[in-house]
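Beneath this line is the structure, given in structure tokens, with notes to follow.
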Amino acid sequence: MDSVLNFSGGWQPSVAAAGLDVLNPATGEALARAPIGDTADVARIVAAASVAFPAWRRTPPQERIQYLFKLRALLTANLDDVARTIVLENDKTLGEAKAELARGLENIEVACGIPTLMQGYNLEDVAAGIDEIMIRQPLGVVTAITPFNFPGMIPLWFLPYAIACGNTLVVKPSERVPLTMQKLFALIEQTGIPKGVCNLVNGGKPVVDALLDHPDIRVISFVGSSAIAKYVYTRGPAAGKRVQCQGGAKKHVVVMPDADLPMTTKIVSDSAFGCAGQRYLAVSVAVTVGDAHAPFRDAITETAAALKVGSGLDPASQMGPVITAASKARIGTCIDRSLADGARSTPDGGTAAAAASTGYFLGPTILDNGRADSEMARTEFFGPVLTLVQARDLDDAIAMIAANPYGNAASIFTTNGPAARRFRYEIPAGNVGVNIGVAAPMAYFPFSGWKDSFLGVLHGQGRDAAEF
Ligand code: NAD
């Protein structure tokens, strides 16, 4: 079985003997062996990144971005191959894998504008005969620590900006899906970028802790669960680092009685069950207002029941498995607790649908009759589960969403302009959609999570990324 390697101008194995199997979630088959990692791996790679920094910083921005143009061309030419690797280790559908790489490419394109994005500003005569100039400078060695659910896109939220700005970078992907970065770094190697500028270190907690503590790392960009985001946001700044952390989510949509029912049903179903609900912007709770409840419940139940669940490599599949056996068991327990708490399951996806499969499949599950303050409406399940909660009116719906600890995103489905405008104005979420299921910002806008979904000041992507 292949071993997952680290990269720093060349490929190298981890010094750690311990590792874990990278599993195909559709079959449970071991695809490769990934290291748990070690402080010594981090020390070696950060040393290479530190050595590379002074020359890279002096390389003109216009020359730095030429490597990104090359990477864009190489990734475009190899898109199918990289997307298939995402499907193998994450088992979203091939279409979903290509879509995440499209957003990754978009971030590379935006970062190619660094010669403009990075410019400072100036003013003559701040006092008589004195001019003032503000210059943005790279910081040094920076790192991106990323989660399992978008193995290709999320590292590309950070990598292009970090190196275009003149920093040297260490990427630490999720140990559950390390293979996509093996492919991407093979392409990065082909760009001819100088040794030590773009580096890859694999592993789990020991590697994250070593990165958080390493004195030569200046910046941490983290994406993952809120619990680990809080940990990183405590330990990183304590070691003097600039840190931004994107955390977990519980996305709500409001369905108004005047919503276009067929359109709403399709979009909410795609959002709730696409990527098996393992999208940080997946709809998790649908708040139906007044008379919207019964028709929406019936329509979404019918749509969910018709979804074809199967491996992402099967072109007929519309929804793949969840990432691990542990995730499947955890989500199943959440569903059971919600049923004990008074929810009704329609259809019965959580338990029955997948019992026969060797992979980590769950059927799409809708939990009707949820209370806004219940576990099912408040806790991140991160699986193909949609909870339905009823609200009296828009005020009631907004209050329910505002009471949720997360604030990554929220959407409203309505044909009423003033209701849409009010929702957009009042809802305390960072990414807001009107008749949109996955309100994911384009690469030239910041990814603006709020509350427990984001710790920091400046977000990833676009101008925020250059500022950060
Ligand atoms: P996770 O928090 O388990 O892992 C994220 C990263 O942290 C990984 O690289 C992992 O190796 C590391 N890590 C895990 N446990 C650690 C520990 N105890 N100490 C130090 N490091 C540790 O997240 P995940 O399960 O890979 O991803 C799913 C989560 O990420 C969900 O909560 C989802 O909402 C969130 N997410 C958020 C966004 C966003 O933009 N806000 C985007 C994608 C995913």
Side-chain angles (χ1 to χ4, degrees), residues 4 19-20 22 25 34-37 39 41-42 89-90 92 100 103-104 107 143-158 170-178 180-181 200-213 220-236 243-251 275-284 322-324 326-327 330-331 334 379-383 404-409 429-431 438-441 443 445-456 459-461 464-465:
V4 170
L20 68 165
V22 181
I36 284 296
T39 313
D41 295 330
V42 172
E89 64 180 352
N90 180 289
K92 53 181 69 178
E100 74 158 279
R103 180 55 47 82
N107 274 283
T143 187
I145 301 166
T146 59
F148 81 82
N149 60 333
F150 284 87
M153 176 184 75
I154 293 184
L156 288 170
W157 280 352
F158 307 107
V170 181
V171 175
K172 204 301 282 173
S174 165
E175 63 276 34
R176 283 181 270 172
V177 291
T180 303
M181 282 301 106
L200 176 67
V201 65
N202 286 284
K205 182 173 170 52
V207 171
V208 173
D209 287 348
L211 290 167
L212 292 175
D213 295 342
I220 310 254
S221 296
F222 171 88
V223 183
S225 58
S226 288
I228 308 300
K230 283 179 187 163
Y231 171 72
V232 170
Y233 202 68
T234 305
R235 190 157 167 166
V243 180
Q244 57 178 187
C245 290
Q246 297 185 210
K250 188 78 180 172
K251 181 178 175 178
C275 298
Q278 299 173 115
R279 253 188 311 222
Y280 47 94
L281 293 176
V283 175
S284 186
V322 295
I323 190 73
T324 56
S327 291
R330 178 185 55 75
I331 298 161
C334 291
T379 310
E380 181 176 42
F381 285 2
F382 222 55
N404 193 272
Y406 296 106
N408 219 28
N431 301 291
V438 180
F445 283 97
F447 193 102
S448 306
W450 286 5
K451 294 160 74 180
D452 278 2
S453 298
F454 181 71
L455 300 166
H459 296 86
Q461 296 199 149
D464 266 36

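Sequence positions, counted from 1, serve as the residue numbers for this chain. Counting starts at 1 for both ligands and their atoms, in listed order.
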With a 4.0 Å heavy-atom cut-off (strictly under), which part of [X] contacts ligand 1: side chain, backbone, both or neither?
X      : value
Phe454 : neither
Asn408 : side chain
Tyr406 : neither
Val207 : neither
Val232 : neither
Phe150 : neither
Gln278 : neither

Any idea which of [options] brings a heavy atom closest to [atom]?
atom                    : options                : value
atom 13 (N) of ligand 1 : Asn149, Ile228, Ile145 : Ile228
atom 37 (C) of ligand 1 : Ser284, Pro147, Gly247 : Gly247
atom 3 (O) of ligand 1  : His459, Arg176, Glu380 : Arg176

Practice item. Kindly check if the number of other-residue, nucleotide or ligand heavy atoms within 6.0 Å of OH (Tyr231) is above 12? Key: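 Correct, the count exceeds 12.
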Below 4.0 angstrom from a heavy atom of [X], which ligand 1 atoms are there? Numbered from 1 as shown, please.
X      : answer
Ile154 : 42 (C), 43 (C)
Lys172 : 8 (C), 9 (O), 10 (C), 11 (O)
Trp157 : 40 (O)

Can you confirm, on distance only, whether ligand 1 has an N/O atom lying under 3.5 Å from any N/O atom belonging to [X]?
X      : value
Thr146 : yes
Val208 : no
Gln246 : yes

Point to revise | side chain to side chain contact (heavy atoms under 4.5 Å, CB included) partner of Pro35, chosen from Leu20, Val207, Val4 | key: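 Option passing the side chain to side chain contact (heavy atoms under 4.5 Å, CB included) with Pro35: Val4.
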Taking only distance into account, with no hydrogens and no angle test, what donor-acceptor pairs under 3.5 Å do side-chain atoms of residues 145-158 form with protein atoms, sequence neighbours excluded?
| residue | atom | partner | partner atom | Å |
| --- | --- | --- | --- | --- |
| Asn149 | ND2 | Gln278 | O | 3.1 |
| Trp157 | NE1 | Gln461 | OE1 | 3.3 |

**Study point:** Any residue meeting salt bridge (charged side-chain N to carboxylate O under 4.0 Å, His left out) with Glu380, in chain and number order, not counting sequence neighbours
**Key:**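 For Glu380, no residue satisfies salt bridge (charged side-chain N to carboxylate O under 4.0 Å, His left out) once neighbours in sequence are set aside.
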